[in-house]
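Remarks on the structure that follows.
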Amino acid sequence: MQKNKIEILSTKRLDKAIDSDDIVIDEIPFIETRGIDDGSVKKKIQQLSGQQIHAIFTSRNAAEMVGKYVAKNEPWKIYCTGDKTKDTILHFFPCAFIATVAENAADLAWIILKDISVKSVIFFCGNQRRDELPEILVQNGIDMEEVMVYETISRPVTITKEYDGVLFFSPSAVESFFSKNKLNDNTICFAVGNTTAHAIEKFSGNKIITAVRATQQSILDAVLATFNLLNK
């Protein structure tokens, strides 16, 4: 008798398929991100263009939005989280000086504090940005200006299918998912990072596996390892 495939739900669209014929992944986005494309945001970004600033990006959504309005050779010193964000920054700012790429926002904040040249920062963010980075920097005497360049919108969907695992990539997606759904006891939650894992814990007592690195590939590797398919 043929073994049933392992059923996984991803709460966002994936950039690549999982490398296994034994797993099927349904991709249903539970959040939508949208640039704040009004005149005041554009004007603010263009005012910063050409200035010597310390810029922070913790998402590629912010980098994409800012990249629409500035030159490719901005003299900014940039601090960011994650390889995807770094790659997006380099796409729009190919001459950028990226001082640091950290795994998460809290780690990034502590790294910035070690740079004695940083007295003030511009944080390009969304409307649901986490508190850790601003709190750490401000409490340690760094002058911060936040420029909100995109918004995250909840798009909850009621799921009728039972899954072996669910992939979560942000606390916002966690909140959107659990606003309409409950998991059966055997479903495993996969989190892209510790912040997302902590968000899951607020809604579910199910087993949570956190990816080794905050990347899509790492969370897919965690799925393969959990179901003993990593080297198959």
Side-chain angles (χ1 to χ4, degrees), residues 12 15 31 33-36 41-42 44-140 142-152 168-173 191-197 210-219:
K12 66 170 283 186
D15 296 331
I31 57 172
T33 56
R34 184 165 57 196
I36 300 175
V41 172
K42 178 180 178 180
K44 179 62 181 178
I45 295 171
Q46 290 178 332
Q47 286 175 344
L48 294 168
S49 179
Q51 296 187 35
Q52 297 279 352
I53 67 170
H54 296 92
I56 298 175
F57 295 91
T58 56
S59 80
R60 58 179 173 176
N61 297 305
E64 288 173 357
M65 187 63 187
V66 174
K68 293 166 57 177
Y69 299 121
V70 295
K72 292 186 176 182
N73 59 343
E74 288 298 338
W76 296 355
K77 189 173 183 179
I78 297 175
Y79 303 82
C80 70
T81 57
D83 291 336
K84 289 291 186 181
T85 304
K86 179 194 73 173
D87 292 344
T88 303
I89 291 168
L90 290 175
H91 172 75
F92 287 101
F93 311 90
C95 302
F97 172 42
I98 300 180
T100 298
V101 181
E103 284 289 317
N104 56 65
D107 287 349
L108 184 64
W110 291 114
I111 292 170
I112 291 171
L113 288 175
K114 294 178 182 178
D115 187 341
I116 61 174
S117 70
V118 180
K119 307 300 181 185
S120 64
V121 296
I122 305 293
F123 182 22
F124 296 103
C125 60
N127 65 324
Q128 294 193 27
R129 62 106 176 105
R130 305 293 297 178
D131 294 332
E132 293 91 343
L133 183 144
E135 288 180 352
I136 291 169
L137 292 181
V138 171
Q139 288 172 5
N140 284 275
I142 301 296
D143 183 21
M144 169 177 285
E145 180 178 0
E146 295 186 30
V147 181
M148 191 180 299
V149 296
Y150 74 96
E151 58 183 344
T152 301
F168 293 99
F169 294 87
S170 70
S172 299
V192 75
N194 291 326
T195 304
T196 300
T210 304
V212 175
R213 299 188 66 222
T215 65
Q216 185 181 118
Q217 185 58 58
S218 186
I219 201 171

side-chain contact (heavy atoms from CB on, under 4.5 Å) between Val149 and Lys44, intermediate numbers included: CA-CA 10 Å; Val149 296; Lys44 179 62 181 178; over 6 Å; no
side-chain contact (heavy atoms from CB on, under 4.5 Å) assessment of His54 paired with Ser117: CA-CA 9 Å; His54 296 92; Ser117 70; 3.8 Å; yes
Mark yes or no for whether [X], through its side chain, and [Y], through its backbone, hold a donor-acceptor pair below 3.5 Å.
X	Y	value
Thr81	Thr58	yes
Trp110	Ile136	no
Glu103	Ala214	yes
Glu64	Asn61	no

To the nearest 0.5 Å, what is the distance between [atom1] ([X]) and [atom2] ([Y])?
X	Y	atom1	atom2	result
Leu108	Leu137	CG	CG	7.5 Å
Met65	Met148	CE	CE	12.5 Å
Ser172	Arg130	OG	CZ	8.0 Å
Glu74	Phe97	CD	CZ	15.5 Å
Phe57	Phe123	CZ	CZ	10.0 Å

When you compare the side chain of [Y] with that of [X], does any pair of heavy atoms fall below 4.5 Å?
X	Y	answer
Val70	Trp76	yes
Met144	Leu133	yes
Ile219	Phe169	yes
Arg213	Asp83	yes

Neighbour count >12 (heavy atoms, 6.0 Å) for atom NZ, Lys77: yes
Nearest heavy-atom neighbours spanning Glu146 and Cys125: OE1-SG, 3.8 Å
Minimum-distance pair of heavy atoms, taken over all atoms of Phe124 and Ala62: O-CB, 3.5 Å
Residue that, paired with Ile112, satisfies side-chain contact (heavy atoms from CB on, under 4.5 Å) out of Asp107, Ile56, Thr100: Ile56
Pair Gln128-Thr152, side-chain donor/acceptor within less than 3.5 Å: no
